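For reference, the structure is listed below as structure tokens.
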Number of protein chains: 2
Amino acid sequence: MNYTQQLRDHHLKVTPQRLEIAQALEHYGHLTIDTLYTILKKKFDSISLATIYKNINLMTQNAFIQEVKIPQAKSVYELTKASHSHLVCDKCHQVEDITLDLSMLVIQASKTSEFQIEKTSLVFNGICSKCQ
Amino acid sequence: MNYTQQLRDHHLKVTPQRLEIAQALEHYGHLTIDTLYTILKKKFDSISLATIYKNINLMTQNAFIQEVKIPQAKSVYELTKASHSHLVCDKCHQVEDITLDLSMLVIQASKTSEFQIEKTSLVFNGICSKCQ
DNA sequence: CTCTGTGCAAAGCGTTTGCAAACGA
DNA sequence: TCGTTTGCAAACGCTTTGCACAGAG
């Protein structure tokens with residue numbers, strides 16, 4: 001997919017580096033900063049880590065991408081899409097998306113806590129089918 | 001509470017610093033590294049940040065305490081207790097515990113994904129009753 | 001043409017490490 | 001006594017910043 005328009009929609013100027021970040025995230029689903037750097041180095045041999053960081057930060061602020069914090073592991077980044085949960089394999093460290101209906105949970109938590117809940121982050125750790 | 005025995009149970013030598021870390025976590029529930037440092041400095045004016053880090057790391061490895069990773073905020077640490085979820089206030093950054101039955105969710109996720117799920121981390125972001 | 005993004009090098013900051021002295025068992 | 005912990009200082013690694021040049025709009 002060509003992300004030119006999506007970048008513009010998020011008030012981000014279109015640059016080859018940004019397009020490539022989007023492509024890489026589309027292709028791999030979830031990437032750490034340094035993996036992203038390794039991938040982009042193949043296309044732009046003189047790319048700087050600073051460029052990755054600056055773009056990741058901007059793109060995160062503009063909600064084009066999202067950080068996923070994972071228990072006892074590095075954060076990964078993903079393209080922003082419909083709200084979903086994550087499965088992390090403790091052996092191969094792959095991250096998978098999973099869509100679950102959390103509405104009952106949110107209702108229950110709201111009642112119990114008097115919090116006005118706005119966002120839910122759910123991460124499962126376990127062993128994926130390949131690694132079992 | 002006196003944590004002497006619990007520390008021993010987790011194969012940790014008992015030191016005044018460790019007892020104080022346990023006390024602080026009991027009292028405040030959830031603490032960041034630097035808040036913990038500030039608190040312990042009051043008791044041990046010459047305590048080093050390195051001591052905090054070394055102990056937090058050891059105590060985490062031995063499952064005496066646990067790290068809670070929070071979206072767009074610093075990690076907090078808590079005494080290990082029965083599995084539970086967390087509510088984070090986006091205004092005052094307080095963290096609350098909440099116990100929810102996640103068994104249906106785990107069953108559903110296991111079916112959908114073929115993951116062998118071992119741990120579930122659930123964090124709600126929102127606004128607490130005081131801040132509303 | 002103007003403003004933003006890129007790459008580089010340096011700075012910054014949280015975390016870890018090495019070591020000598022103090023302490024726990 | 002012996003092995004572990006503490007505090008200090010230095011080192012480390014990840015992230016950010018400043019700047020000159022290149023590129024987007």
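Below, chains carry the letters A, B, ... as their sequence lines are ordered, and counting in each starts from 1. Owing to the predicted nature of the structure, the values given are computational and were not obtained by experimental measurement.
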Without swapping roles, check the side chain of K91(B) against the backbone of K130(B) for a donor-acceptor pair under 3.5 Å.
no
How close or far is atom P of dG23(D) from atom CZ of R18(A), stated in whole angstroms?
15 Å
Are any of N57(B)'s side-chain N or O atoms less than 4.0 Å away from OP1 or OP2 of dT16(C)?
yes
Can you measure Y77(B) atom OH to dG14(C) atom P for me and round it to whole angstrom units?
14 Å
So if I take every side-chain heavy atom of L58(A) and compare against dT6(C), dG5(C), dC8(D), which nucleotide ends up nearest?
dG5(C)
base_contact_polar (dG14(C) base, K74(B) side chain, donor-acceptor, <3.5 Å)
no
Pairing donors with acceptors under 3.5 angstrom, does anything connect the side chains of E67(A) and S75(A)?
yes
Nearest heavy atom decides the nucleotide; on that basis, is L49(B) or K13(B) closer to the 5' end of DNA chain C?
L49(B)
With sugar-phosphate meaning primed atoms plus P, OP1 and OP2, does D34(A) contact a base, only sugar-phosphate, or nothing at under 4.0 Å between heavy atoms?
nothing
Does OP1 or OP2 of dG25(D) have a side-chain N or O of R8(A) closer than 4.0 Å?
yes
Rounded to the nearest angstrom, tell me the gap between atom CD1 in I52(B) and atom P in dT6(D).
9 Å
Closer than 4.0 angstrom, basic N to acidic O: yes or no for D34(B) and K74(B)?
yes
Identify, between K54(B) and P16(B), the residue whose nearest nucleotide on DNA chain C lies closer to the 5' end.
K54(B)
Any base atoms under 4.0 Å from T15(B), or only sugar-phosphate, or nothing? Heavy atoms, all strands.
sugar-phosphate
Would I70(B) and H86(B) count as a side chain to side chain contact (heavy atoms under 4.5 Å, CB included) if you check the C-alpha gap in whole Å, the side-chain angles of each, and the deciding distance to 0.1 Å?
CA-CA 9 Å; I70(B) 296 174; H86(B) 293 102; over 6 Å; no
Expressed as a whole number of angstroms, how long is the span from I21(A):CD1 to dT6(C):C1'?
11 Å
Please state whether the phosphate of dG7(D), meaning OP1 or OP2, lies under 4.0 angstrom from any side-chain nitrogen or oxygen of T51(B).
yes
Rounding to a whole Å, what distance do you find between L12(A):CG and dG23(D):P?
20 Å
Whole angstroms only, please: what is the CZ-C1' distance between F44(B) and dT6(D)?
11 Å
No-hydrogen, no-angle side-chain donor-acceptor test under 3.5 Å, D9(B) and Q5(B):
yes
Atom-pair distance (CG on N55(A); P on dT17(D)), nearest Å:
14 Å
Whole angstrom value for the distance that separates C1' of dT5(D) from CG of L7(B):
13 Å
Within less than 4.0 Å of OP1 or OP2 of dG7(C), is there a side-chain N or O belonging to Q17(A)?
yes
First of H11(B) and A50(B) reached from the 5' end of DNA chain D, by closest nucleotide
H11(B)
